[in-house]
Asks: 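Structure below; questions to follow.
Any value given below was found using the heavy atoms of this structure, including those in side chains, with hydrogens, waters and symmetry copies removed.
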Amino acid sequence: MIGGGLGSGGAGAGVGAVGGYGDRTVWRRRLAGMRRLDWTLVLAALALSVVGTLLVRSATVPLLTEQGRDPETFVQRHLLNLVIGFVLGTVVALLDYRLLRAYAPILYGLACVGLVAVLSPLGETINGSHSWIVLGGGFQVQPSEFAKVGLVVLLAMLLGEPRDGEVGPSSKDILWALALAGLPAALVMGQPDLGTTLVFGAVVLGMLTICGVRKRWLAGLVGGGLLAGFLVFFFGLLKPYQIARFTAFLDPSHDPRGAGYNAQQAKIAVGSGGVFGKGLFHGEQTGGHFVPEQQTDFIFTVAGEELGFIGAAAIVVLLGVVLWRGLRIATQAADLFGTLVASGVVCWLAFQSFENIGMTLGIMPITGLPLPFVSYGGSATFANMIALGLLQAVHLRRNPFD
């Protein structure tokens with residue numbers, strides 16, 4: 001009896017010990033996983049989001065107050081979008097990115113279905129672009145933002161698995177990649193959304209370069225892109241307002257009250273901030289609503305006027321940190337697929353950042369692309385955070401055995 005009691009007690013203690021040890025091991029692994037995140041990347045994106053929230057508030061409160069509406073409407077929606085975006089990014093970071101190979105065609109297919117839906121009666125025209133699906137309650141979805149994610153993952157799948165005996169992708173793989181990238185690009189051009197089409201082009205060119213295609217392919221793509229641009233202009237495939245934007249980019253003073261107005265006012269707002277700016281929430285150009293769509297496409301003008309050269313440069317530096325960490329993750333990836341996923345995200349964010357800031361400074365045409373992690377927007381914010389999650393997923397599994 002005594003022996004049996006001792007035996008039972010010993011077994012019970014053993015089970016408890018094992019259970020406790022197991023629980024501690026799980027928590028240690030979770031904490032270790034948190035420590036292994038690229039926290040520099042996370043903090044840079046978080047800092048950009050905080051600054052963006054302040055700039056969105058500065059750009060929207062005066063106008064909403066004049067209209068008798070709740071002045072915090074845009075800020076509240078922006079904060080909600082950021083929370084949802086960070087949740088989506090966290091979920092993606094926890095996934096094993098290597099499994100995306102199997103689901104890449106599905107993601108790409110869903111993206112194309114969304115782009116087709118926009119061109120159907122479900123789509124709505126906002127600011128001259130038929131790119132939205134209105135859900136009600138003040139919320140809209142822009143499928144072209146999520147198409148960027150689908151395109152990056154699909155191209156990584158196609159180009160990241162060279163055949164036996166081959167160093168890089170075959171000509172057949174490259175042609176397939178170009179054809180599959182051309183489908184969403186054509187659907188986006190039908191909206192028309194020239195800015196997103198240019199992002200697609202930058203992603204394709206960058207990922208082909210990273211995967212090691214021959215130089216004649218790259219030269220042919222650049223030449224083909226220039227020829228396509230000429231044909232688009234020659235046959236009048238662009239909307240009149242898009243042609244006017246390019247004309248204004250070349251000579252903003254030609255039509256200062258029409259097509260050149262946005263470019264002129266953007267440069268005035270940025271230049272008026274000087275070195276240290278006029279102070280947050282004290283911008284005269286911003287408060288006077290001289291620059292349209294200042295909470296989205298022209299958010300950088302708010303930074304230039306109210307935070308000055310120092311504040312605007314800080315935003316550029318933070319964006320540079322995001323891109324630097326993304327490139328670092330690409331070079332340390334466990335396989336070519338991971339390298340291409342990270343590289344595609346970097347090409348996407350780099351081109352979009354350069355285009356957005358460039359159009360406010362007058363060195364790039366106005367295309368309507370938001371500034372990543374800074375501009376107001378739901379779909380764009382979600383897509384940016386998913387892209388951030390993809391980078392973290394590749395980083396967390398840089399060891400092939402993780």
Side-chain angles (χ1 to χ4, degrees), residues 33-56 78 81-83 85-86 88-90 92-93 97 145 148-149 152 199 202-203 206-207 210 270 273 275-277 280 299-304 306-333 338-361 363-364 369-377 380-398:
M34 292 294 292
R35 288 196 297 268
R36 289 170 51 218
L37 284 173
D38 190 326
W39 281 103
T40 303
L41 176 61
V42 173
L43 293 176
L46 183 61
L48 287 168
S49 300
V50 171
V51 173
T53 302
L54 296 174
L55 297 180
V56 167
H78 187 61
N81 291 335
L82 286 174
V83 171
F86 270 108
L88 291 175
T90 301
V92 172
Y97 77 92
E145 290 293 338
K148 299 171 185 176
V149 178
V152 166
V199 173
V203 168
M207 294 181 71
I210 293 297
V270 173
V275 177
F276 299 104
L280 193 62
I299 192 74
F300 194 73
T301 61
V302 186
E306 298 187 349
L307 305 180
F309 174 80
I310 300 298
I315 291 177
V316 173
V317 169
L318 287 172
L319 287 168
V321 170
V322 172
L323 299 178
W324 162 54
R325 301 306 291 184
L327 287 174
R328 186 173 182 271
I329 289 171
T331 60
Q332 296 179 345
T339 296
L340 288 174
V341 168
S343 299
V345 168
V346 170
C347 291
W348 155 16
L349 298 179
F351 178 84
Q352 192 159 320
S353 299
F354 180 78
E355 165 60 28
N356 178 277
I357 295 174
M359 73 182 188
T360 64
L361 301 179
I363 62 175
M364 292 294 286
L369 287 173
L371 186 60
F373 306 107
V374 180
S375 292
Y376 172 84
T381 299
F382 301 157
N384 292 334
M385 294 304 177
I386 290 173
L388 193 70
L390 286 174
L391 291 177
Q392 293 288 2
V394 175
H395 172 73
L396 288 174
R397 293 157 186 86
R398 60 191 182 275

Asks: List in chain and number order the residues that pass side-chain contact (heavy atoms from CB on, under 4.5 Å) with Leu88, two or more places apart in sequence or in another chain; answer none if no residue qualifies.
Replies: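 side-chain contact (heavy atoms from CB on, under 4.5 Å) check on Leu88 returns Ile84, Phe382, Ile386.
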Asks: If you take all heavy atoms of Val149 and Ala383, which pair is closest and at what distance?
Replies: CG2-O, 4.3 Å
Asks: Enumerate the salt bridge (charged side-chain N to carboxylate O under 4.0 Å, His left out) contacts for residues 341-352, please, sequence neighbours excluded, ordered by first and then second residue.
Replies: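 Qualifying pairs, neighbours excluded: none.
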Asks: Show, in sequence, the C-alpha distance, side-chain angles and deciding distance for Leu41 and Ile329, and conclude whether the side-chain contact (heavy atoms from CB on, under 4.5 Å) test is met.
Replies: CA-CA 10 Å; Leu41 176 61; Ile329 289 171; 4.1 Å; yes
Asks: Which pairs pass side-chain hydrogen bond (donor to acceptor under 3.5 Å, both in side chains) with one or both residues in residues 380-393, sequence neighbours excluded?
Replies: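 Qualifying pairs: none.
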Asks: Might you point out which heavy atoms bring His78 and Thr53 nearest each other, and give the distance in Å?
Replies: CD2-OG1, 3.4 Å
Asks: Mind checking side-chain contact (heavy atoms from CB on, under 4.5 Å) for Ile310 and listing every partner two or more places apart, or none if nothing turns up?
Replies: Val275, Phe276
Asks: State, yes or no, whether a side-chain contact exists between Leu43 and Val321 at a heavy-atom distance under 4.5 Å.
Replies: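 A side-chain contact under 4.5 Å is absent here.
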Asks: Please tell me if the side chains of Val51 and Phe373 come closer than 4.5 Å, counting only heavy atoms from C-beta onward.
Replies: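 In short, these two side chains do not touch, never coming nearer than 4.5 Å.
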Asks: How close do Val92 and Gly389 get, heavy atom to heavy atom, and via which atoms?
Replies: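 Closest pair (atom of Val92, atom of Gly389, distance): CG1-C, 3.7 Å.
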Asks: Would you please test Val302 and Leu307 for side-chain contact (heavy atoms from CB on, under 4.5 Å) and show each step?
Replies: CA-CA 8 Å; Val302 186; Leu307 305 180; over 6 Å; no
Asks: Once rounded to the nearest 0.5 Å, what's the spacing between atom CG of Leu82 and atom OH of Tyr376?
Replies: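 Reported value, rounded in 0.5 Å steps: 10.5 Å.
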Asks: Looking only at heavy atoms, what is the nearest atom pair of Ala380 and Pro370, with distance?
Replies: CB-CG, 4.0 Å
Asks: Looking at side-chain heavy atoms only, is the closest gap between Met385 and Ser49 below 4.5 Å?
Replies: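 Touching, per the 4.5 Å side-chain cut-off.
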Asks: Would you give the length of the straight line joining atom OH of Tyr97 to atom CZ of Arg397, rounded to the nearest 0.5 angstrom?
Replies: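 If I round to the nearest 0.5 Å, the distance is 9.0 Å.
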Asks: Test of understanding: with side-chain contact (heavy atoms from CB on, under 4.5 Å), list the residues that count as partners of Val316, not counting sequence neighbours.
Replies: Phe300, Ile357
Asks: With sequence neighbours excluded, what pairs up with Glu145 under the side chain to side chain donor-acceptor pair (under 3.5 Å) test?
Replies: Lys148
Asks: For Val322, run the side-chain contact (heavy atoms from CB on, under 4.5 Å) check against Leu48, Val42, Leu327, Val346 and tell me which one passes.
Replies: Leu48
Asks: Drop me the distance from Phe86's CZ to Leu388's CG, to the nearest 0.5 angstrom.
Replies: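 Phe86 atom CZ to Leu388 atom CG measures 7.0 Å (nearest 0.5 Å).
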Asks: Taking only residues two or more places apart in sequence or in another chain, which ones pass side-chain contact (heavy atoms from CB on, under 4.5 Å) with Ile210?
Replies: Thr339, Leu340, Ser343
Asks: Once salt bridge (charged side-chain N to carboxylate O under 4.0 Å, His left out) is applied, what residue pairs with a partner in residues 306-327 remain, sequence neighbours excluded?
Replies: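 Every salt bridge (charged side-chain N to carboxylate O under 4.0 Å, His left out) pair that includes a residue of residues 306-327, provided the two are not neighbours, is Asp38-Arg325.
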Asks: About how many Å separate CG of Leu371 and CD of Glu355, when rounded to the nearest 0.5 Å?
Replies: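 Result: 11.0 Å between the selected atoms.
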Asks: How many angstroms lie between CG in Leu319 and CG in Leu349, if you round to the nearest 0.5 Å?
Replies: 8.5 Å
Asks: Going from CD1 on Ile315 to OG on Ser353, what distance comes out if it is rounded to the nearest 0.5 angstrom?
Replies: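 Rounded to the nearest 0.5 Å, the CD1-OG separation comes out at 11.0 Å.
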Asks: Show the nearest heavy-atom pair for residues Val152 and Met207, with the distance to one decimal.
Replies: O-CE, 3.5 Å
Asks: Measure across Gly338 and Ala333 and return the closest heavy-atom pair with its distance rounded to 0.1 Å.
Replies: C-CB, 3.7 Å
